[in-house]
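Counting starts at 1 for both ligands and their atoms, in listed order.
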Amino acid sequence: MKDVTKVYDTGEVKVYALAGVDLELYTGELSVLLGPSGSGKSTLLNILGGLDHATTGRVWFRDLELTDLGDRALTRYRRDHVGFVFQFYNLVPSLTARENVQLVTDVAHNPMNPAEALELVGLGHRLDHFPAEMSGGEQQRVAIARAIAKRPEILLCDEPTGALDSTTGVQVLETLRNINERFGTTTVVITHNADIQRMAHRVIRFQDGRINDVTVNETQLAPSEIVW
Ligand code: ADP
């Protein structure tokens with residue numbers, strides 16, 4: 001993205017959620033976005049994922065300029081290329097784990113089998129469980145299975161461990177890292193937990209709608225190797 005701004009105009013005040021951001025994400029990279037609450041991280045992620053429009057500036061996925069696309073084309077971009085994981089899992093309570101994943105695989109071009117996606121996140125033994133029968137960490141792993149089942153090139157995660165205790169959070173982070181390593185999925189993880197940065201290839205720090213620091217990690221730790 002090049003010189004991206006996002007301005008919320010609430011009538012009385014203008015909020016510069018993004019105040020001019022240049023960022024290039026690389027194929028296969030796992031990057032972590034760190035920064036205080038309100039610094040613009042979610043806004044950036046939503047623009048990257050085609051959920052929201054920039055006010056000014058330009059955004060590309062490879063040769064596709066997202067900032068040129070209308071809503072239908074953006075929907076196609078999201079469907080074909082992007083997986084999302086949010087803090088709250090957004091599973092359908094009346095559907096089993098397998099059926100929740102199937103909602104996505106039914107409309108994807110070259111999806112995994114739902115059971116295969118659930119195996120990958122360590123839930124091969126929970127295929128027919130309903131969300132209420134699973135722990136928070138398991139539900140989040142169902143949400144990850146749902147996000148990866150269409151084999152997206154990009155996986156965008158907004159505070160994926162925000163609602164979990166630290167042990168469960170580590171399992172979820174291990175899952176994300178395994179997916180990144182195994183499939184080369186370009187992964188962006190928003191967090192305000194500074195410890196998570198040690199598993200990333202690159203750490204991007206936000207402040208007041210701007211990137212104020214970028215660090216490349218020479219070595220990445222597995223989440224289970226990090227002292228939390
Ligand atoms: P972060 O993810 O770093 O917590 P956000 O991207 O959610 O930050 O928000 C950046 C800024 O934009 C904040 O000041 C927030 O209050 C403001 N903001 C976000 N969404 C809206 C909205 N829909 N309307 C008005 N202001 C918003």
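When side chains are defined from C-beta on, P223 counts as touching R177, because their heavy atoms get closer than 4.5 Å.
In this structure, a donor-acceptor pair under 3.5 Å is present between the side chains of D158 and S42.
Both tests do not hold together for K14 against Y16: distance to the six-membered ring centre under 6.0 Å, angle to the ring axis within 45°.
No donor-acceptor pair closer than 3.5 Å links the side chain of R78 to the backbone N or O of G49. Remark: side-chain polar atoms of N217 are not paired, donor with acceptor, to backbone N or O of R202 under 3.5 angstrom.
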Item to complete: Begin with the C-alpha distance, continue with both residues' side-chain angles, and end with the deciding distance and a verdict on side chain to side chain donor-acceptor pair (under 3.5 Å) for T5 and T55.
Response: CA-CA 6 Å; T5 71; T55 304; 4.6 Å; no
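Among protein residues, Y8, V15, A17, P36, S37, G38, S39, G40, K41, S42, T43 come within 4.0 Å of ligand 1, judged on heavy atoms.
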